[in-house]
Each structure stands twice: as structure tokens, then as C-alpha cells.
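Data block below; observations after.
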Amino acid sequence: DKDTIILASTTSTQNSGLFDHILPKFEEASGTKVNVVAVGTGAALKLARNGDADVLMVHHKKSEEQFVTDGYGVERFDLMHNDFVIIGPESDEANLSQMKSVTDALKAIVLSNKIFVSRGDDSGTHKREIELWQLANIAEDQKNTKWYREAGAGMGATLNVAIGMNAYTLTDRATWVSFKNKQSHKILFEGDPNLFNQYGIILVNPEKFPHIKAQAGQKFIDWMLSKQGQKAIASYKLEGQQLFTPDAISGDLSN
Amino acid sequence: MNDIWEALLKAVSLVLTLDTDLLEIVGLSLQLSLTAVGISLLIGLPLAALLALTKFPGRKILIVATNVFMGLPPVVVGLIVYVILSRSGPLGVLGLLFTPTAMVIAQVILVIPIVTAISRQVLEDYHQEYDELLTSLGVSKMRRISALLWDARFALTTAGLAGFGRAASEVGAVMIVGGNIDHLTRVMTTAIALESRKGDLVMALALGIVLITLALGINLAAYLITETAKRRYAA
Amino acid sequence: MNDIWEALLKAVSLVLTLDTDLLEIVGLSLQLSLTAVGISLLIGLPLAALLALTKFPGRKILIVATNVFMGLPPVVVGLIVYVILSRSGPLGVLGLLFTPTAMVIAQVILVIPIVTAISRQVLEDYHQEYDELLTSLGVSKMRRISALLWDARFALTTAGLAGFGRAASEVGAVMIVGGNIDHLTRVMTTAIALESRKGDLVMALALGIVLITLALGINLAAYLITETAKRRYAA
Amino acid sequence: MSFSTKSIMPLTLENISYLAGHKKLLKNISCQFEAGNRYVILGPNGAGKSLLLRMCHGLIQPSEGQVRWHDTSRKDAAKYQAMVSQRTVMLRRSAYGNIDFALKARNIHKSARPDIIDRVIKRTGLGRVINEPARVLSLGEQQRLAIARAWALSPQVLFLDEPTASLDPPATHAIEELIQEISAEGTTVIMTSHDLGQSKRLATDAIFMFRGHLKEMAPAEQFFTQPTNDLAQAFINGELIWWQRRPDSDQAQATCTTLETEK
Amino acid sequence: MSFSTKSIMPLTLENISYLAGHKKLLKNISCQFEAGNRYVILGPNGAGKSLLLRMCHGLIQPSEGQVRWHDTSRKDAAKYQAMVSQRTVMLRRSAYGNIDFALKARNIHKSARPDIIDRVIKRTGLGRVINEPARVLSLGEQQRLAIARAWALSPQVLFLDEPTASLDPPATHAIEELIQEISAEGTTVIMTSHDLGQSKRLATDAIFMFRGHLKEMAPAEQFFTQPTNDLAQAFINGELIWWQRRPDSDQAQATCTTLETEK
Ligand SMILES: Nc1ncnc2c1ncn2[C@@H]1O[C@H](COP(=O)(O)OP(=O)(O)OP(=O)(O)O)[C@@H](O)[C@H]1O
Ligand SMILES: Nc1ncnc2c1ncn2[C@@H]1O[C@H](COP(=O)(O)OP(=O)(O)OP(=O)(O)O)[C@@H](O)[C@H]1O
Ligand SMILES: [Mg+2]
Ligand SMILES: [Mg+2]
């Protein structure tokens, strides 16, 4: 019906529980229901390109901008960010926790002969990971299956693999904090500016697809970018940690 | 291993507390699977009978095809149904994507081959015995099909149960065409996949246990009914 | 809809160029599925025969159980095998997780029920005819099982093919216990799931088409062999 | 019993042969069956009697030659025939349900069926078991049920493959009387029998088969008193001519009668 | 043929009954079968003859009462018996394979089997079809194969349920001779037959059954000349005493003989 929109998003936002926290607030405020279809970043973009979603919310700026340029999206807005972290076994044989920069950390993994599990699925996280390897000057041909394993899966599944293999991996903080199967793994490296992770939100272009519920979709985007929405994002905490930092409005959200 | 015991406890507590979310998901799962199996039986059984008892050009090809299609990867079926139901696809105007209907369509595609292949095998063995009698009596093709299906009905429950098993356990296709939308298209298997992605293995296993228990209930009912009826009809 | 035509073209070109990555994946898929079906037949057929022809306490429960287990959700099976094989699990020391062996184990668990349930149904019908003769001849239980399996071998191919279908098409379990690791545990279905995650529907569908073509080849071979043999033995 | 006025007889076999694999099981048989007669086909086990009946009835197709009904296609002729096969096949229904199904298949109206069923059931002595599942009946009861089922269809031609093989003597006697009666109403009966006494009592015409050949076809009186074929003669005399393995050729006819039976 | 010295005879039935559902199909039967005799069980279709044979042979279990072999458990006794059932069942193998399988089941050594098979095949006239799939054989050939298969096992007790029902007359004669021979070697034969002539030729003892009751068991000579049971008398005279539906009680015995056969 008219008051339902489909939001194509990534598994990381869904798995973290963010939507369960903010969507009820929006639905209460607007009377519009948001149905979340959480898939890989690539698949989410494809869904939106086919006109099967009204609003797109992913975290790969380049693809998002391309999406708008190609005429599929109306306009892209920065919505929020969090950061990537490297997790690994508590024993930390590669000594990641001592490293100063993310490039040092990655080199340390290679030197230690420990296993690194890559998403390997062309997702936003995976693309960032590739950029980081380049920054660390680790060439493609140095990555062999002895230590570099492409899981070809979503974040959660990749975490399950890394934990099962006693290996390192790159993940976004939100997914990690909300992840339940941590066993003896923990965050070993964080805080490098290169680990910044930006989420954007886009309304699918109703000129391209007449059936798009532009009005309701715009209402959702407006709300998300509004003080109310941004506050809702900021207030989502898990285990005492804030998982996403809203960044659509500069300044204080407290009133 | 502890996870498995924890999961068992969790499953019991989920069921005992009659968790409303769980009830909703279980209800949808059951409804979709049973609908899909029902439709698949309506199509698959006559098709199986046709394959078992008539010789027509293309019959052998169809037999091999049903066997092949038993191995249709759910993800592929999901993608094909997606492509067709997508707004930019031929049936996009119907707006069926991400609805329970789309999920039933995908499941029907997955279930028909298995129902047809198993039934065909059973019916072929029955038909070998009946063929000459039915020909001698001059039974029309339609009545021949219905007679065979009727007489083999107890043996055919296995086909129905295999079909139900496939429909209820499948995740790849319903995930794609349903979208695993909370309160709308979330079923047991997609919920399990979600929990496993979240790393909540205990919850995932608990849901799995609930699902299997459900299947157990249905199978038990089917078994008891057919066994009783079998005895009555000495079939 | 265009996607589907594109995928067909892509599939043809993939096969024609003999893409080495594809060959590797296809090879592993075939190897794992056939191994899993082989093991499942070794276990499932005698079990089915036992269920079809002997009356022992717990038989009915086992029959219902095999029917129920036909509906085991692959994700759940994957999780259980994961929990058992994981480092902290009871069999963690074997280091089998994320190896092809783990994938075969998961597939065997998925395939045994379907092989057993279908075979049981077929064998029951055969046994009804043979029972008194075999009893009269004083045939031992072991030989009875082997005789029934032998005489019903053509009818049992359906069970084997259904098992192969399940093994070759399943993704949920092998994804979890195999990890879909490139060059190590990536098979056709996990590759398809990956491409679909990436949004590359054309590639995903193309791989699906290749997989189905593969299954077609195996089914065709099985069909031709049994049909020829059937005619020879007039069975 | 009333027939539609159209008659499908005579039935003509034109040089038919039947092959299974590379074996020729029926060999160049030509003959004609006339309306109203009672034909009894005789011959040793494996001679091809059942195959010939099934061929006439349309259950198997000739590999060579033609099966022709008067003025009627084989397909149309089918609904004027009925058959009791040697190995009875019972549907997984009650005895009553088996006959009812057969009548339904011939489009006999629901209201007419109970009377017909009642009559054939009484006449074949199945009253006590009419509501039992047909497949648990004793073999003799099943054979009676098969006869009842075929007779209920009021066929113009009735094929009977050893219809009394499993019947008790009084039942055999009663079925023989029934066959006479059915025949008297105009139905052509084509049957096999291993009971020479029965054959003599029932046959108006006798046919002798041997290894796929139709060796002799003659009026019963003539056949049973002086068969022209020496194999037929040996058979009637109870000689075990076909017992030993021997080349399967037409010369067999010339040499076989000189064989002794093996003890 | 040589037997192990241990004899499982006599066979004793102690007040056995057999129920299927709520129907009592065998009713309080007590009797004893002695070694070396040839018992022929007579009675109308559906009397319970086949059930009785199957009960003796251990294929069905008594609902009440006991089946006892001399000094041997029922299970052990099984391997000294063989049976030809009324509806032949053929394994999906060649005729040869069917006999070979039976011998294998009795643990007869591979090297000994071909000779045994050759002998029984020759004697039952199956030489021509020995390599054919057993299930395409004509019914008569199948019945001969079933006899060959049972005989090959050299049983102490041989159960035959209408063994010649589908055989041609010379074959019937040959099988009767075979039965006499087998019996002469000490084998106990317990058979049913609807052929009164055959029964008189073969039986040393006759048994008459009616509606699940064993009505009479007597030496053959006495039974066929002056049966004490009036139903048995009527049966031998070919009267259709059980044709009509009638209350299934023991009083039937008193009233039935006065019935006329329905025409
Ligand atoms: N499909 C088949 N393939 C090979 N041989 C066959 C097939 N069908 C029948 N036969 C053979 O054909 C011969 C004739 O069979 P048929 O059943 O007509 O014999 P019959 O004369 O009716 O014998 P009976 O008196 O035993 O009933 C038999 O020797 C049988 O083995
Ligand atoms: N499982 C069963 N359930 C119900 N009735 C049965 C069952 N088995 C046999 N009967 C009935 O028991 C009766 C005796 O059967 P049985 O086969 O022993 O007869 P029979 O004396 O051998 O007859 P025939 O001369 O026809 O071979 C039959 O009336 C049959 O319908
Ligand atoms: Mg015949
Ligand atoms: Mg009987």
C-alpha cells in the first residue's frame, strides 16, 4: 500500500540492530512503514537500479555517486559513519595491538604468517580492504591462499569463518559489536583515519521508475537527516558503545 | 558443543513463552510451505501420472528434466523469479516482489520437480501391474490417472513429505524473492540465516530446532493418518 | 528478463573459453557432490532396506525421522557441523573446518534422509511382493537386503538422483562449514551466492546455467544407462 | 443383455508376428474368428496362447501383420470386448469397487450399476466377500471376481485366459454353464484352457498352438476326434513332446512325436 | 536326495486360529501331519486352504494356538521346508538365477549348484527358457520354475499350493509323477488341489476345509469313498453348497447340503 516503502540496505546495518532501534520511531512519527531488504552492497545497488527499492542506504561512496550520475538516484546525502577495525585472536601472535598505523598492522599480519580472511565479495568493506592493502604496499600476487583467504560472503559469515580459523579480518565496528559468536576474538587494531566508514542515503529516481514512492521515500530521508533521526542514530548503543555517528547535521544534537 | 545444549534450552523456552514474533514467523513458514506443497501436488501428481503411464513424444526428455530440476539450486531459482518479478522484469507491474506470493512461486518451482520425480517412480511401478487391466477395461486417460493416483495414495505421501521438506527448509530462494522483511516475509529459514549472520548461533540453532519439531509434527500426523487408513483399506 | 538472455550467452562463453577458475570450481563441486552421494547411498540404501523389510522396535520412529530429516534446513545442518568441528568443538582437533571434508560431512547429513526415504518407499512396494518368497526360502536378513536392493536397482536410481540434486544444489550448509574460500572450498553454489551478493546477476545466473547443465549431463547418463540395462534384464 | 446393433465380428488376423527383443514369440499367424462361436486355444505351456489372446484384445501390438475387426478400428472395437487374464489383477479397492470401476470406465450410469453388480456377484458366488478389499481375496475368489468384472461389461467378445484354473470343481462347473449362457446370448468367446474335458465341453472350435505357431484350427468335433496335426494329436494323448530342449524350428513338427518322455 | 538325519516331523497344529482384522479366517484347527505321507487339502475357494499352508510353513503366525514341529523350533524347522505358493513370485532374475538364489539362501556351495539346477530344470522341462528373465515366462512356465526352485532345496516337507493349476496336461502328469518320486524318497508332501482326479491319484490322506474349519481329515481311500462330513460329500459330488450368502456359523453344516444350486 501507499504507506510502505522498501529500503535496500546492507547486512551490516541490519545485523547491528540499528533498524530495530530507529525504524519504530520513524514509523510512529510518520505512519509510514519501512520494509528493509538487507543484502550485499552490490546487490542493494542492483536492486535499486532495477527499481525494486524506494530508498538506498549503503556505504560505498564511489558507487553511490555513480548511481546518482547514471540517473538512478535523485541525490546522495551523507547520513552517518562509523569505522572499520581489525579483529583477531586474543593471543595476537602478529602483535597488532602494538602497531601505530593500519598499514603497519597489515604488514605485521603478513610477516606473522597468520591467516587473514577477506570478505572477497566486492562489498564496501571489501573494496576498502583492497585499498588498504595497496596503501600497505602488499601486491596482489603476494596474496596466496596460504595466508590470504577470500570468504566470498557477508560480514557475519566472514566473521564466523575468521573465528573458526583463528584468523584476522577487517570488519565494521557495528557488526562486530553486535556479533554474538566472538569466542576468543577481539578488536586488535582501531583508530586509524584510513578506517573511516561513511554511509549515504539516496532516493531512487521516480523519473526513472514511476512506481517509486517518492513522497514517502523523501519523507523517510528527510526524517533520517533531521535532528530527530540523527538523534535516534546517535542514541543506538550496544554494550555501552555508540555504533554509528550521525553526520548529516553539524553541531550538537542534544536539544 | 555447549552451543547445541544451550540451543535446545533456548528452543524450549522460546516455545514455552509463546514468543509472538516466533509465532508470526512459524505461522508464515507453515502457511507458505503448505501452500507451495499443495500447489506443487496439484501440478506434480498429474504430471507424474502422465509421465508414468503414457508414451508421448518428449516424455523421456521430461523425465530427465524433472530429475535434473530436483537439483535446481535455490539461489538460481530465486534469481530467476527475481528477474521476472522485478520492476524492470516482464511481470514487474504485478508488484509481487518481496511478498509472500513471490516466495510461494519460488517454492513451487523448487518443489514440483521433487514431487514429480518421486511420484513418477512410485506410479511407474504401480502402473506396470495395472496397465493391461486398465487398457482392457478401456479406461480413459483422465480416469486412468485418477485411478492410479488414488490407488497409490499411501505410497505417494513420501513424495508430498519430501516436497514439504524442501519447501520448509529452503532459504536461498525465499531470501532473494522475499527479502527477509521483518513482519512481512520473514520465515523460519531466513530468520535462521539472519541469526547465524549475526553470530547468534544459539538462537539460530534454537530456531532450527523449532523448525524441525514443526516438521516432525506434520510428518507424524501424515504417518499416523496413512498408517490407519492403510490398515483400513488393506492397501 | 534481458539478464536471463545475457546470462545464457555468458554461460556459453564461460564454457567455451574453458575458464580455469570455473573448471576448478566445477571440478570441486562434482567431486564433493558425488562423494557425498556415494557415501549417502552406502549408508542410506541398507538403512532403507532395513526399514522396508524388518520390524524392529523403533522402526516407525526411524521412518518418521527420515521423512522429517528430508526437511533439515541446510543452514542448521551447517551450523551443527560448524559447532562440532570448530576449534572449541568436540572434534576441533581434527582441523576439518573449512575443508572439503567438512563440506562432504554436511552434505552427507543432508542427503542421507532423502535417499533413505525415497528408497524405503520403493523397497516397501517391492518387498510386499517378495516377502513370503524370501521367508519361505529362509533368506538371511543380510542377503534379503542385498537381494531387494539388487532387484530394485533401476527404481532406486531416482533416489540417487534426488540425493545428487540435493547435494549439488545446496548452499546454506557448505557455505558455513566450507567458508566459500577461493581456490579451496568454493563450489558452484557458493560462487553463485557470492555473485548474487555482488549484484552480478548475470554471472550468478550463468554459473547456475552451467551447474544445471552439469546436472543434466549426469542425469542423462544415469537415464541412458538404466534404460539400456532395464531392457536387457526386462526388469 | 443387450448389445448395440453394430457387430465388430469377425476378427481377422493377417499373418501376424510378435517379437520381444530378438525372439519371435508369435510366428506368422493368420486366422479368422466368427461371431457367436466358442473358440478354445490349446497348447503346451509357453506355446503363445496368452500372447495371442492379448494380441487379439489389443494389449500388445503385432510386430508384423494386421489385427482386423469387421468395419471397426482396433480402438473402437476395444469397448465391445472384455478379458479375464491368466494372472488376475485387482485394483486396491473392494470387490464391489473393482466391478464398479469397470462399469464406470464404460460410462455406465451410476444408477444402473448396482443392479448389474448384484447380478454378476450372485452368479459368481462372491456375496460373502463383496465388501472385502479385492487383493486379500483367495486366488479362486479373485478369479471369480475377474470373471464377474468382465461379464458385467456385456462384451460382444469375451477373452478368457484359463478362467477356471484356480476354481473349485463346483465353481468350475458353474462358470462353464455361465460361459454357455453368455455365448447363447450371442457373445463370441475366445478362451484358453488346459482342461481337456472342459475344452471338449465348451469349444465349438479348437485351436492348437505350438512354439508360437498356430498349428491347427478346426471345428471342435473334428479336432478332438482326429486332429490333422501330429503334435496336436500327441498333446491330446498326453505326450510330453515339448519337454526336452530342442532346436526351435518348423522341423520340430516332424521329429517331435518320436521323442520319448523323460522320466 | 539325502536329508540330515534329524527329522522335524510330525507337525502338530494345536487349536490354531487366525484373525485378520476382526475376521476369524482359520477357526480352532487341531491336527497332526506324519512323516512321509502325501496330504491333499480340499475345499471350496476361500475355505482357508492357502492360509493353512502358509501357517504351517511359517509365513503367517497363529493368532491363537500353536504350530509345533518335532523337537525343533519353528525357526529351525524352516530350513527343512520348501513351498510353491499359489501365486508364483519370481525374482527379477533369469530362471536360472531364481533357482541359484534359492540354493544360495540355503548355503549350498557354489560348485554344487549347477548340477542341482541342471537336474531340476530338465525334469520340469524348462531347458528352453532357462536364461530368460523369469518374470516374462508364461504362467505355466513360472509355475514349473517355482516347483523346480522348491524341489531343488531337497526339503523334508514340501508345501504345494495348487502346483499344477496352470500346467498343460502332459506337464501336470509329469509333475504328479515327480511328486510321487519325491514322496518316495521320504519327503512329506502337503498340498492343495482343486483337481479331484489328481487328489485321488496323489493323496495318502485327505483334508476337507470349509469356511475356516477343518471339517474332516481321513485316509484318502476312506475320504473319497465315504466321507463322514456331509459338506465334504457334497463337495466331492460337485454340489454348489457355498454359493449363496449364508450365515457363517457351524449350523451351516447342517443346513447347507439341502440347498439347491442357483442357476
Ligand atoms: N516380453 C517377453 N520377452 C521374452 N519372452 C517372452 C515375453 N513374453 C512372453 N515371452 C515368452 O513367450 C512364450 C509364450 O508365452 P505365453 O504367455 O503366450 O504362453 P502360454 O501359451 O500362455 O503358456 P501358459 O500355458 O503357460 O500360460 C513363453 O515362452 C514366454 O517365456
Ligand atoms: N488379510 C486378509 N484380510 C481379510 N481376509 C482375508 C485375508 N487373507 C485372506 N482372507 C480371506 O480368507 C479366506 C481364505 O483365504 P485362502 O486364500 O486361504 O482361501 P483358499 O482356500 O486358499 O481359496 P482358493 O481355493 O481360492 O485358493 C478368503 O475368503 C479370503 O478372502
Ligand atoms: Mg498363458
Ligand atoms: Mg488358495
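Lettering of chains follows the sequences in order, A, B, ..., and the numbering in each one begins at 1.
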Exercise for the section: Tell me, yes or no, whether the heavy-atom count around B:I61 atom CD1, taken from other residues, nucleotides or ligands under 6.0 Å, exceeds 12. Expected result: no
Exercise for the section: Could you pull out all residues at least two apart from B:T185 that satisfy side-chain contact (heavy atoms from CB on, under 4.5 Å)? Expected result: B:P100, B:M103, B:I181
Exercise for the section: Report the residues that fulfil side-chain contact (heavy atoms from CB on, under 4.5 Å) with B:A215, sequence neighbours left out, ordered by chain and then residue number. Expected result: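 Counting only residues at least two positions away or on another chain, B:A215 forms a side-chain contact (heavy atoms from CB on, under 4.5 Å) with B:F164, B:N219, C:V68.
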Where does [X] contact chain B at under 4.5 Å (heavy atoms): side chain, backbone, both or neither?
{"X": "D:K104", "result": "both"}
{"X": "D:I60", "result": "side chain"}
{"X": "D:R87", "result": "neither"}
{"X": "D:F159", "result": "neither"}

Handout entry: Pair D:R92 + B:E129: basic N to acidic O under 4.0 Å
Key =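 Looking at B:E129 together with D:R92, the answer is yes, because their closest N to O distance falls below 4.0 Å.
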Exercise for the section: Identify the two heavy atoms, one from D:R93 and one from B:W150, that lie closest to each other, and give their separation to 0.1 Å. Expected result: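 That closest heavy-atom pairing would be NH2-CD1, 3.3 Å.
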Exercise for the section: For D:G58 and B:T135, work out which heavy atoms get closest and say how close. Expected result: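 Minimum heavy-atom contact is O-CG2, 4.4 Å.
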Practice task
Run through D:H57, D:R54, D:R149 and flag the one making a side chain to side chain contact (heavy atoms under 4.5 Å, CB included) with B:S136.
Solution key: D:H57
Handout entry: Note, D:T88 side chain near B:L133 side chain (heavy atom, < 4.5 Å)
Key = no
Practice task
Side-chain contact test, heavy atoms from C-beta onward, threshold under 4.5 Å: evaluate it for B:L134 versus D:F101 and give yes or no.
Solution key: yes
Exercise for the section: Measure the CG-CG distance between D:L59 and B:D131 for me, rounded to the nearest 0.5 Å. Expected result: 8.5 Å
Problem - Positions in residues 31-53 of chain B that reach chain D, provided some heavy atom is under 4.5 Å away - result: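 Under the 4.5 Å heavy-atom cut-off, nothing qualifies.
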Exercise for the section: Would you please go through residues 142-149 of chain B and name the residues with a non-hydrogen atom below 4.5 Å from one of chain D, in numerical order? Expected result: B:R143, B:A147
Exercise for the section: Look at D:K79, D:M83, D:Q81, D:R106 and state which one has the largest set of heavy-atom pairs under 4.5 Å with chain B. Expected result: D:R106
Problem - Residue selection (most heavy-atom pairs with chain B, distance under 4.5 Å) from D:L103, D:L91, D:N107 - result: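 Looking at each option in turn, the highest pair count goes to D:L91.
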Exercise for the section: Can you tell which part of B:S140 gets under 4.5 Å to a heavy atom of chain D, answering side chain, backbone, both or neither? Expected result: neither
